[in-house]
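Nothing here was measured: the structure is a model prediction, and the numbers come from that model. The sequence lines fix the lettering, A, B, ..., with proteins before strands; numbering per chain opens at 1.
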Amino acid sequence: MGKVITVIVVILVLVVVLLLVTQKLNQVPVLNKLIPQTAQNTNDIPTGSITPQNADQVLGQTDAALQNDMTQMDKDLQAIDQSMQSSDTPDSNAVNNL
Amino acid sequence: MNLINRKILITITSVAVLSFNAMPALAQGNKLSDLINRGNKEVKAASQAADKSADRLQKAKTYGDRMVDNRVAELNRVLSRIQTDTRLTSDEKSSLSSDIQNALSGLNQLKIKIDADTTVESVKTDAKSIITNYKVYAVLVPKIRLLITIDSLLNLNQKMLALIPKLDSLVATLQSQGKDVSTIQPLVADIKTRLQDTNTRLTKDKNTVLAVTMTSADPHATFVSVRQDLASVRASFAQVRADIGRLRGLFQNLLGTPKIASPSASK
């Protein structure tokens, strides 16, 4: 009886370790399926349901994703501003004087 | 004495006659020399002109090539931004990339043509078409960069909007449990209103930018207007973050979950 329990415990430990490793490597989002409230990409907006238990986690993750997107947006706006300052006019004038 | 005088006279007369007879020949010789000198000068001038013309042609080609290279580098930067984006769909990436790929192909063809041009005028014509046919700086790059940002934000906004019914559902559940949600509801409503407004604004901006073509009268004015709109969208997202931060605090108080420092929403 003791041996059976030991074997079961060992198997359970191995399964948990396997799940953690696969989750870590992001190869198979097994834990995401087991915990639906967690988004597949931790940088993304959560897509699962919101419960009293996970509300804080979902909102925190949403905020982090939003912050990432706003950082990217700032870079994009900067690039847009630069591109709008560029002009074909100097080249146009130079070509006329070639 | 008379004999000596006669000899001198004869000698002088002979020299005079000979000199007189030789004058045309001497004159001919001078003319020939002048002609040769003039010819040499003309050949030298022509050679210098040819050198100058070849130099001018080479300079024109170098400038034309540099115009192409600068635009190709800028377009590749935009292409790289599209490819590394995490929000754009594959269809959006493909659509945004196609205009850039077409421009890259056309510009590279023009560079080949410029390198093969034999006159400055041909180079000038080709260099002008770099500007008029592609308008990389005036239209293409700002247009695509704006579309990348708008598409990306629209996708983000859709995901954010999908959270609203779930938040409403949570609030309803808490309310049914007799919990006070009076401070939570206005925040969720504010987030919803802001996201809906952002969606409308971004959709309108996208259509406005898509309508800009190479022949549009004043594309810069359109881009400036959309850029101002994006500044408002950014401010709205910042407010959404502030609302989320306050919501977290309220939920933590209501549900008794441990307090976690929320990131600053002012960023």
Which heavy atom of [X] sits nearest to which heavy atom of [Y], and what is that distance?
X	Y	value
A/S87	B/Y137	O-CD1, 3.7 Å
A/V95	B/K124	O-CE, 3.3 Å
A/A94	B/Y63	CB-OH, 3.1 Å
B/L255	A/A55	CD1-CB, 4.4 Å
B/L174	A/P52	CD2-CG, 4.4 Å

Nearest 0.5 Å, please: how far is [atom2] in [Y] from [atom1] in [X]?
X	Y	atom1	atom2	result
A/D76	B/L230	CG	CG	9.5 Å
A/D56	B/L250	CG	CG	11.5 Å
A/T47	B/K166	OG1	NZ	6.0 Å
A/L59	B/I244	CG	CD1	6.5 Å
B/I144	A/S83	CD1	OG	11.0 Å
A/I45	B/L161	CD1	CG	10.5 Å

Tell me, out of [options], who's got the most heavy-atom pairs with chain A below 4.5 Å.
options	result
B/R66, B/R81, B/E121	B/R81
B/L247, B/L163, B/V240, B/V120	B/L163
B/I130, B/V141, B/I131	B/I131
B/R56, B/M67, B/R227	B/R227
B/T149, B/L153, B/I148	B/T149

*Please tell me if the side chains of B/T86 and A/Q72 come closer than 4.5 Å, counting only heavy atoms from C-beta onward.*
no

*Any side-chain heavy atom of B/K128 sitting closer than 4.5 Å to one from A/N96?*
yes

Any chance [atom1] of [X] has more than 12 other-residue heavy atoms, nucleotides or ligands included, within less than 6.0 Å?
X	atom1	result
B/Q177	CD	yes
B/K179	NZ	yes
B/K61	NZ	yes

*asked:* Heavy-atom pairs under 4.5 Å with chain B - which of A/K75, A/Q85, A/M84 has more of them than the others?
replied: A/M84

Which portion of [X] sits near chain A, non-hydrogen atoms under 4.5 angstrom:
X	result
B/L167	both
B/A162	neither
B/R87	side chain
B/V224	both

*If you measure from the Lys or Arg side-chain nitrogens to the Asp or Glu carboxylate oxygens, is any gap between A/D88 and B/R71 under 4.0 Å?*
yes

*Of A/I50, A/N54, A/V58, which is the lone residue that meets side-chain contact (heavy atoms from CB on, under 4.5 Å) with B/L170?*
A/I50

_Working for side chain to side chain contact (heavy atoms under 4.5 Å, CB included), residues A/M73 and B/V233_ = CA-CA 10 Å; A/M73 184 186 185; B/V233 167; 4.2 Å; yes

